[in-house]
Number of protein chains: 2
Amino acid sequence: MPTKKKQLLKQALVEQAFSVIEEKGVEHLSLREVARRLGVSHQAPYKHFPSRDHILAAVVARCFAEFAQHLSSRPSCNDPFDDLHKMGLAYLEFAQKFPLQYRLMFNTALPDGTAHSEMLAQAQFAFSILYDKLGEMTLKDPDHPIRDPVKHDAIYIWSALHGLASLMQSDVTSTLGLSNDERAVAVERLMRRMSLSIAP
Amino acid sequence: MPTKKKQLLKQALVEQAFSVIEEKGVEHLSLREVARRLGVSHQAPYKHFPSRDHILAAVVARCFAEFAQHLSSRPSCNDPFDDLHKMGLAYLEFAQKFPLQYRLMFNTALPDGTAHSEMLAQAQFAFSILYDKLGEMTLKDPDHPIRDPVKHDAIYIWSALHGLASLMQSDVTSTLGLSNDERAVAVERLMRRMSLSIAP
DNA sequence: TCATCTGGTTGACAGCGTCTACTTTCTGAG
DNA sequence: CTCAGAAAGTAGACGCTGTCAACCAGATGA
């Protein structure tokens, strides 16, 4: 029974849930198994989470937090274009380094009622990082001939990044016979096009 | 027992499985429920599919077939650029009109062993439509200054389309406060950029 | 001091996927 | 035409799951 103080079990549950997902896939996550691994009864988790989906939402929230942290970990220099480029690379890097977390965030359907407010907040925070950076770009350079509201640029960039990240994780790349080098080329190409479409 | 001839139940199972998914979500698909709805015993499905995941794979395969059909339904004119543009719109249209099918195809993790060969074939066929169209473009215009192998253009285009389609389905658009009109604008913008990056 | 809240327990229930064993029905070779 | 064997469907059992209910120990605060 590694839980010494109250509220400690809650955190342990989330961590252990992630471990189970890691080993057996999200579809085989079971509260009973998590409880078993922590040496508590099968009902103990219900004292902290109302349902299985809520514990899953907590895991996803943690992923979003890590993601946001990863996105904003690069030191921001004075050139917002460079910043944006680095952030894009960081995005793709996260998806490649932590495919499980990425899939959990963008590939996991939580029931509506589960809308863990913390998860939502974390997700919005992650997106705001990209969004703010774009806004910053237009602020720093008021004459920047950005052709449409920031919103639309943000959507375009996010679409492209998310799409590529998803594709890279699927079997598509092997189906197309892409080598690792070619994957890198694809990333570079996408980044270049992204920059081009934003550039003055 | 609505199944008169052999092999008829198999098809009915797939259809009924889709109905269940439609009503209750893919995570609540159960073979027993499908069997119950068809008035057969809970073991009957196992005579046609080795496991629950295999029946799910069959459903996904059907989605891919519909998707491919939708993609290639537009009459091909002589202008491959126009063709590509229409195909992109068709892609996004499918995702918007049939979000369930789209999610089933690109958001559903099937266990490795399940690799229903028919599903794989259908998926590859769907992608080949886009891929071939791109190849056709460079063939028709040998001087077309396409900057990189078709493969990379295909990946870029697919990334952008898939990313936007996914984003449109998530709660992101409402989080960003996008109206329906603005969604349409986002689509148009993406299509324009796609064309620009391919255009001579 | 003692009622109350919090976090833990055990037990029960129905639903699920899947294994095994049985029966029925179809089929095709002799 | 016959009949063995395969294919299709049925029934029962097992262990797993999420969740509801009832119970219990200890911390807490009036």
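Lettering follows sequence order; numbering is per chain, from 1.
- Rounded to an integer number of Å, the gap from A:Tyr46 OH to C:dC13 P is 18 Å.
- Rounded to a whole Å, the NZ atom of B:Lys47 is 12 Å from the P atom of C:dT20.
- As a whole-Å value, the separation of B:Arg52 CZ from D:dT17 P is 15 Å.
- Comparing atom distances between the A:Ser41 side chain and each of D:dT19, C:dT10, D:dA11 picks out C:dT10 as nearest.
- Ring orientation note: the planes of B:Phe67 and B:Phe64 are nearly perpendicular, at an angle over 60° on the 30°/60° scale.
- Side chain of A:Val40, nearest nucleotide from C:dT18, D:dT19, C:dT9: C:dT9.
- The side chain of B:His42 has D:dA11 as its nearest neighbour among D:dA11, C:dG8, C:dG11.
- Between the P atom of C:dG7 and the CG atom of A:Leu13 lies a distance of 12 Å, rounded to the nearest Å.
- At least one side-chain heavy atom of B:Leu38 sits less than 4.5 Å from a side-chain heavy atom of B:Val34.
- Between the side chain of A:His48 and the base of C:dG8, no donor-acceptor pair of N or O atoms lies under 3.5 Å.
- A straight line from CZ of A:Phe49 to P of C:dG8 spans 12 Å, rounded to a whole angstrom.
- For A:Ser51, the side-chain atoms get nearest to D:dT19 when compared with the rest of C:dG8, D:dT19, C:dT9.
- Inter-residue side-chain proximity for A:His70 and A:Glu93 is flagged as met; some heavy-atom pair is nearer than 4.5 Å.
- Near DNA chain C, defined here as any heavy-atom distance below 4.0 Å, the residues from residues 21-31 of chain B are B:Leu29, B:Ser30, B:Leu31, listed numerically.
- Between A:Glu33 atom CD and D:dT17 atom P there is a gap of 7 Å when expressed in whole angstrom units.
- Atom NE2 of A:His54 and atom P of D:dG18 are 15 Å apart (whole Å).
- For B:Arg36 and C:dC16, the shortest distance from a side-chain N or O to OP1 or OP2 is below 4.0 Å.
- Regarding B:Asp53, its CG atom lies at a distance of 12 Å from the C1' atom of C:dT18, rounded to whole Å.
- The shortest distance between side-chain heavy atoms of A:Tyr91 and A:Leu130 does not fall below 4.5 Å.
- The pair A:Glu66-A:Arg62 meets the salt-bridge criterion, with a side-chain N (NZ, NE, NH1 or NH2) lying under 4.0 Å from an Asp/Glu carboxylate O.
- Contact check on B:Arg52 versus A:Glu27 returns no salt bridge, with no Lys/Arg side-chain nitrogen under 4.0 Å from an Asp/Glu carboxylate oxygen.
- Taking 4.0 angstrom as the limit, B:Arg32 places none of its side-chain polar atoms (N or O) nearer than this to OP1 or OP2 of D:dA11.
- Note on ring orientation: taking the six-membered ring where Trp is involved, the planes of B:Tyr102 and B:Phe106 are tilted (angle from 30° to 60°).
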